[in-house]
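Remember, predicted model here, so these are calculated numbers, not experimental data.
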Amino acid sequence: MDKKIRIGIIGTGGIAHSHMGAYLRRNDIEFVAGCDIIPGKADAFFKEFGVEGVRTYTSHEEMLDKEQLDGVSVCTYNRQHAAPTIYALNKGINVILEKPFSVTLDEAVEMCRAEKASGKILTVGFQPRFDKNMQQIKKIVESGELGKVYYIQTGGGRRRGIPASVDKTTFIEDATGGVGALGDIGCYSLDMVLNAIGYPKPLTVSGFKTDYFGTDPETYRYSSTDPEYIASKFGVDDFAGAFIRLEGGVFLDFRIAWAMNINTPGDTIILGTKAGLRIPSTDCWNGSVGGPMTIYRQCAGQTVEMQIPILKDAPNEGNLWDRKIGSFITAIKEGGSAPVPTSQIIKNQAIIDGIVRSSELGHEVEIDIPEI
């Protein structure tokens with residue numbers, strides 16, 4: 001395809017800026033339309049980037065009905081991921097959807113069915129997938145170096161990292177966010193290890209979630225003129241943990257936090273019958289490797305350790321957002337498959353959904369992913 005790919009953006013808040021920056025670094029796309037439910041917000045968004053001639057709307061239905069688009073970025077808040085995605089797919093438009101996939105498993109299933117019926121691309125915005133060091137984890141597992149993987153410990157956290165202010169509460173309100181740390185950074189942590197081991201089906205989850213920090217301005221001490229207001233809006237999780245049984249005899253120990261009284265909940269550990277892999281955590285986790293990884297194994301009767309150096313990007317490779325958006329555009333041009341397929345991420349969402357259900361019920365739950 002020599003013609004430019006016609007792009008629209010639904011939702012022009014914070015994350016849309018990262019999409020826009022990556023699109024603008026390309027010369028093979030054309031911005032056609034944008035949409036935001038707040039009147040004037042989409043106009044201000046395109047003006048901020050100096051992009052002219054873009055038609056704007058306050059309804060995704062109206063935009064998708066009137067415009068001829070090849071692809072659309074869905075950058076709405078969590079509880080509005082499903083509706084515009086399904087509508088776009090039904091209109092025959094390819095979609096790159098920001099994470100998390102959805103709030104509930106039911107929504108994820110609906111989107112997958114719309115994708116299948118449309119024959120179009122639905123890819124989920126997991127940019128850590130394009131990090132060379134993340135890809136190295138998968139290569140190590142697939143090489144057989146670790147043997148049979150049987151136990152994984154993973155997660156991440158921020159000591160004080162609740163994304164909220166007086167004028168920014170969509171992440172923390174139940175009506176808009178739906179899930180908190182679980183959906184914001186937990187999905188990345190799950191994807192890091194599940195992708196490495198081939199995304200086995202999750203079978204059961206025993207999980208819990210808390211909101212001790214988010215709802216207590218004295219404990220968390222929001223840096224705001226009105227911390228009580230922010231705390232009153234908090235309706236999601238700020239910490240979650242779970243024990244997850246996966247197909248193939250793999251046990252996953254998971255925890256994630258927006259706020260906690262420690263610097264990290266621990267490194268990611270993948271244990272196999274031949275060797276173990278340690279992946280260092282970071283103090284403010286957002287889907288990255290915190291330093292050189294280490295493989296622990298036996299060699300000639302001796303206990304040895306092998307360090308895997310951090311891989312750096314070449315100057316011409318662009319950042320992770322460039323690669324994420326680029327993979328979407330390439331798939332549209334070449335009629336390829338989704339770079340981050342929903343057939344995998346629906347399992348990620350099923351675990352998040354299972355953690356929420358298990359926490360609310362107070363016991364382990366089975367995971368049943370319906371046929372797509």
Side-chain angles (χ1 to χ4, degrees), residues 4-24 29-49 51-104 106-125 168-171 173-179 183 324-325 328-329 331-332 338 340 342 345-346 349:
K4 290 191 174 184
I5 302 300
R6 295 166 61 84
I7 293 293
I9 294 182
I10 300 176
T12 56
I15 204 67
H17 288 70
S18 296
H19 281 245
M20 190 70 167
Y23 281 126
L24 288 176
I29 67 99
E30 174 189 359
F31 283 110
V32 176
C35 167
D36 198 286
I37 58 174
I38 300 174
K41 189 174 178 180
D43 292 308
F45 174 79
F46 289 107
K47 184 177 180 180
E48 176 185 344
F49 285 96
V51 178
E52 299 179 350
V54 178
R55 291 175 290 278
T56 59
Y57 302 84
T58 55
S59 159
H60 68 265
E61 292 97 338
E62 184 181 7
M63 183 185 93
L64 296 171
D65 285 345
K66 290 184 176 180
E67 302 293 346
Q68 296 296 314
L69 300 171
D70 298 307
V72 64
S73 280
V74 174
C75 302
T76 59
Y77 51 79
N78 298 347
R79 284 205 183 274
Q80 274 298 307
H81 279 188
T85 296
I86 292 169
Y87 203 89
L89 290 168
N90 289 343
K91 286 286 181 178
I93 300 170
N94 301 290
V95 178
I96 180 168
L97 171 64
E98 257 311 312
K99 57 80 186 170
F101 192 3
S102 59
V103 173
T104 68
D106 289 343
E107 291 171 334
V109 169
E110 288 180 24
M111 286 188 279
C112 288
R113 287 174 174 166
E115 174 194 20
K116 183 177 181 180
S118 71
K120 293 297 178 179
I121 295 165
L122 172 55
T123 186
V124 188
K168 180 185 174 184
T169 59
T170 54
F171 273 103
E173 292 187 58
D174 179 65
T176 48
V179 287
K324 177 169 85 169
I325 293 297
F328 176 54
I329 298 300
I332 294 174
V340 182
T342 59
I345 308 306
I346 194 170
Q349 191 62 47

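Under a 3.5 Å cut-off, the side chain of Arg79 and the backbone N or O of Asp174 do form a donor-acceptor pair. A donor-acceptor pair is defined here as one N or O able to donate and one able to accept, closer than 3.5 Å; no such pair exists between the side chain of Ser73 and the backbone of Ile96. No donor-acceptor distance shorter than 3.5 angstrom exists from the side chain of Asn78 to the backbone of Val103, with no hydrogens or angles considered.
Here the OG1-NE2 distance, from Thr12 to His19, works out to 12.5 Å after rounding to the nearest 0.5 Å. With rounding to the nearest 0.5 angstrom, the OG atom of Ser102 is 11.0 Å from the CD1 atom of Ile345. Remark: Ser18 OG to Ile325 CD1 distance equals 9.0 Å, nearest 0.5 Å. The CD1 atom of Ile93 lies 4.5 Å from the CG atom of Leu64; values are rounded to the nearest 0.5 Å. Of the inter-residue distances, the one linking Lys47 atom NZ with Thr56 atom OG1 reads 12.5 Å to the nearest 0.5 angstrom.
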For the pair Val51 and Leu24, evaluate side chain to side chain contact (heavy atoms under 4.5 Å, CB included) and give the outcome as yes or no after the intermediate values. CA-CA 9 Å; Val51 178; Leu24 288 176; 3.9 Å; yes

Show your working on side chain to side chain contact (heavy atoms under 4.5 Å, CB included) between Gln80 and Ile37 and close with a plain yes or no. CA-CA 11 Å; Gln80 274 298 307; Ile37 58 174; over 6 Å; no

So Glu110 and Thr85, side chain to side chain contact (heavy atoms under 4.5 Å, CB included) or not? Walk me through it. CA-CA 10 Å; Glu110 288 180 24; Thr85 296; over 6 Å; no

Apply side chain to side chain contact (heavy atoms under 4.5 Å, CB included) to residues Phe49 and His17 and explain how you reach the verdict. CA-CA 9 Å; Phe49 285 96; His17 288 70; 3.7 Å; yes

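Between Gly125 and Lys99, the shortest heavy-atom distance links the atoms O-CG, 3.8 Å. Nearest heavy atoms, Asn94 versus Ile121: OD1-N, 2.9 Å. Considering all non-hydrogen atoms of both residues, Cys75 and Ile15 come closest at CB-CG2, 3.6 Å. Contact between Ala16 and Ile9 at its shortest, heavy atoms only, is CB-CG2, 4.2 Å. In this structure, Gln349 and Ala108 approach most closely via the heavy-atom pair CG-CB, 4.0 Å. A pairwise comparison of heavy atoms in Lys4 and Ile29 identifies CD-O, 3.7 Å as the closest pair.
Every pair passing ring pair (Phe, Tyr, Trp, His ring centres under 6.0 Å) that includes a residue from residues 52-97 is listed here, sequence neighbours excluded: His60-Tyr87. Residue pairs meeting the side chain to side chain donor-acceptor pair (under 3.5 Å) criterion with at least one partner in residues 111-122, sequence neighbours excluded, are Glu115-Thr342.
Residues Met20 and Phe46 meet the side-chain proximity criterion, which asks for heavy atoms closer than 4.5 Å. Side-chain contact check for Arg55 versus Val32: some heavy-atom pair is nearer than 4.5 Å. At least one side-chain heavy atom of Ile7 sits less than 4.5 Å from a side-chain heavy atom of Ile329. Under the 4.5 Å side-chain criterion, counting only non-hydrogen atoms from C-beta, Ile5 is not in contact with Tyr23. Side-chain contact between Leu69 and Met63 is present, with heavy atoms from C-beta onward closer than 4.5 Å. Side chains of Asp36 and Phe45 form no contact here, defined as non-hydrogen atoms less than 4.5 Å apart.
No option in Thr169, Thr170, Thr176 other than Thr169 meets the side chain to side chain donor-acceptor pair (under 3.5 Å) test with Glu173.
The neighbour count for Glu61 CD, taken as heavy atoms of other residues, nucleotides or ligands under 6.0 Å away, is above 12.
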